[in-house]
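Worksheet for the structure shown next.
For reference, positions follow the sequence shown, starting with 1.
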Amino acid sequence: MRRDALLRLARRLLETPTAAGLEDAMAAVVRRECARIDLPVHEDPWGNLLARCERGSGSRSMPPVVFVAHLDHPAFEFLGGDHAEFLGGVPDAMLAAGATVVFADGARARCLARRRGTTRRRRLVRLDRALPDTPPGTPGRWDVETFAVDGDRLTAWGIDDLLGVCTMLACLRELAAARGRTRTWALFTRAEEIGLLGTIHAARAGILPEDALVISLETSNAAGRVAIGGGPVIRVGDRGTIFDPAATALLERSAADLRGLSWQRALMDGGVCEASAWSAFGYRCGGLCLPLGNYHNIGPDLTPAAEYVSVRDLQGLVRLCTHLATGWLDHDPAAQRSRLRERYERILDQAPRRLAP
């Protein structure tokens, strides 16, 4: 996808309010984007959205590759009066620093202190004033840059995981334009930031075929692990799980196939992503991510700040996902194992006979 078209898509998503369990506006954008390419969207009982791009002879008899990204970002829910709840993981100090919160209806208030009754699961906060005209259930965000592009840097309030969503929509658009043979699904999940809730429901219910290859798309904390601008990251695991080695090998081979693509490989253990949940329910999983700055809007000195990524990294992630989706039906796991075995046999043949029996 051309840079300008990709950035327009990213802007539509990043200017849309969202929070865990309050993803209706974001889901509406996903539906509109899929309708543009005549792709139907199925909603499961928990509000997750599933789009299927299936074309070509015999494609529906093959296992799908399923990209997964979540529709929410750490943000506030207005509860009424001068009360709100923060839905997501940030240090407690950020919730009592007096930073400004902007709600989806335009109302503003400062976040003063955590309310009594706050627990690890419920991050209740008090605002500096009541908001009588703001309906309860309105999402709110930190008062940081909504969307900006300066050279290769894209800065926005809620990149995690809305650029994962953007990548999946861009990939579907590319597949629709190519009209080639594919069986690619895109699952847009809810309430990831408060415990992977949407994806756990979907995995437990078995809404995906057992033989599907699940690829989690994330924007992950780059601090000390990978370079922003160094290319998309093939994620070998997260804080909870090491992903399927064969899936990781397939992602590496797909990346190596793409001329001029810069890419990285790392254990991104700054958090737990949706691949861990799918792995727990028996699915083969791999992971891809964009290196992210100011993860969860955590800026210097624990002050709220906009997140940022490299535009080239985003373009590379779209390229990689599209290439994988295009060639997925021709992937032969047995042939891959055979090639690896031949490689190791050659090593033995060429090595000194120091371990000969």
Side-chain angles (χ1 to χ4, degrees), residues 1-14 26-27 29-42 48-56 59 62-71 154 159-189 208 212-219 231-235 247 250-255 257-258 260-261 263 273-275 285-290 309-331:
M1 178 181 283
R2 290 176 49 183
R3 174 187 163 108
D4 57 349
L6 180 59
L7 291 178
R8 284 196 299 271
L9 173 60
R11 183 165 198 155
R12 285 195 291 275
L13 291 162
L14 290 164
M26 195 64 63
V29 176
V30 169
R31 290 182 182 277
R32 286 197 297 271
E33 293 298 325
C34 289
R36 290 184 178 190
I37 54 175
D38 296 321
L39 204 62
V41 175
H42 169 73
N48 302 310
L49 302 180
L50 179 62
R52 301 183 181 98
C53 184
E54 299 178 324
R55 288 195 310 270
S59 62
M62 301 290 286
V65 59
V66 185
F67 296 110
V68 180
H70 57 93
L71 297 166
L154 189 163
I159 288 174
D160 173 22
D161 187 27
L162 304 187
L163 287 189
V165 172
C166 176
T167 297
M168 297 202 308
L169 291 171
C171 178
L172 291 174
R173 190 185 295 183
E174 292 288 284
L175 294 173
R179 306 302 299 175
R181 182 170 176 260
T182 190
R183 193 178 192 207
T184 302
W185 295 8
L187 180 64
F188 305 87
T189 61
L208 301 181
L213 173 64
V214 178
I215 305 295
S216 172
L217 297 186
E218 267 288 1
T219 43
V233 179
I234 295 174
R235 188 175 189 173
L250 174 61
L251 292 171
E252 290 178 348
R253 182 181 171 195
S254 296
D257 284 345
L258 290 170
L261 177 70
W263 56 282
C273 75
E274 294 176 282
C285 294
L288 293 169
C289 67
L290 292 174
V309 296
S310 158
V311 176
R312 284 193 298 269
D313 290 352
L314 175 60
Q315 291 175 296
L317 184 61
V318 173
R319 252 188 101 192
L320 178 52
C321 291
T322 304
H323 181 64
L324 174 63
T326 302
W328 167 244
L329 293 185
D330 297 322
H331 170 62

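Using a 4.5 Å heavy-atom threshold, the side chains of C53 and R55 count as touching. In this structure the side chain of R52 never reaches within 4.5 angstrom of the side chain of P64, judged on heavy atoms. Between L175 and C171 the shortest side-chain heavy-atom distance falls below 4.5 Å. Within the 4.5 Å cutoff, side-chain heavy atoms of H323 are placed close to those of D257. Counting only heavy atoms from C-beta outward, the side chains of R8 and R11 never approach each other to under 4.5 Å. Within the 4.5 Å cutoff, side-chain heavy atoms of M168 are placed close to those of F188. A heavy-atom distance below 4.5 Å is found between the side chains of L208 and W185. At a threshold of 4.5 Å between non-hydrogen side-chain atoms, the residues I215 and V66 do not count as touching.
With rounding to the nearest 0.5 angstrom, the CE atom of M1 is 8.5 Å from the CG atom of L169. The OG1 atom of T219 sits 4.5 Å away from atom CG of D161, with the distance rounded to the nearest 0.5 Å. Once rounded to the nearest 0.5 Å, the distance linking CD1 of I234 with CZ of R253 reads 13.0 Å. Taking CG from L13 and CG from L163, the interatomic distance works out to 8.0 Å, rounded to the nearest 0.5 Å. Annotation: the span from H42 atom NE2 to L49 atom CG amounts to 9.5 Å, rounded to 0.5 Å. Taken to the nearest 0.5 Å, the CG atom of L162 stands 8.0 Å off from the CG atom of L71.
Of the possible polar contacts, one joining the D313 side chain to the G231 backbone as a donor-acceptor pair under 3.5 Å is found.
Contact detail for I37 and A176: the closest heavy-atom pair is CB-CB, 3.9 Å. Taking all atoms of both residues into account, the shortest heavy-atom contact from H70 to D160 is NE2-OD1, 3.5 Å. N48 and T189 make their closest contact through OD1-CA, 3.2 Å (heavy atoms, listed as atom of the first residue, atom of the second, distance). For the pair A275 and G286, the tightest heavy-atom approach, listed with the atom from each and the gap, is CB-O, 4.1 Å. Shortest non-hydrogen contact noted between L154 and L14 is CD2-CD1, 3.9 Å. Closest heavy-atom contact between L6 and C166: CD1-SG, 3.9 Å.
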Evaluate the criterion side-chain contact (heavy atoms from CB on, under 4.5 Å) for residue pair R3 and V311; output intermediate values, then yes/no. CA-CA 8 Å; R3 174 187 163 108; V311 176; 3.4 Å; yes
Next on the checklist: Evaluate R173 against R36 for side-chain contact (heavy atoms from CB on, under 4.5 Å), listing each step before the verdict.
Outcome noted: CA-CA 9 Å; R173 190 185 295 183; R36 290 184 178 190; 4.3 Å; yes
For this session: Quick one: do F67 and L324 satisfy side-chain contact (heavy atoms from CB on, under 4.5 Å)? Show the steps, please.
Result: CA-CA 11 Å; F67 296 110; L324 174 63; 4.1 Å; yes
What verdict does the side-chain contact (heavy atoms from CB on, under 4.5 Å) test give for V68 and V214, after you've listed the backbone C-alpha separation in whole Å, the side-chain angles of each residue and the deciding distance to 0.1 Å? CA-CA 7 Å; V68 180; V214 178; 3.7 Å; yes
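Look at R319 and E174 and you find no salt bridge, because none of the NZ, NE, NH1 or NH2 atoms lies under 4.0 Å from a carboxylate O.
For the side chain to side chain contact (heavy atoms under 4.5 Å, CB included) criterion with L288, the lone passing option out of P232, C321, S216, S254 is C321. Checked options L213, T182, T184; the residue passing with W328 is L213 (criterion: side chain to side chain contact (heavy atoms under 4.5 Å, CB included)).
For D38, there are no side-chain contact (heavy atoms from CB on, under 4.5 Å) partners at least two apart in sequence or on another chain.
Atom CZ of R312 sits in a sparse spot, with 12 or fewer heavy atoms from other residues, nucleotides or ligands closer than 6.0 Å.
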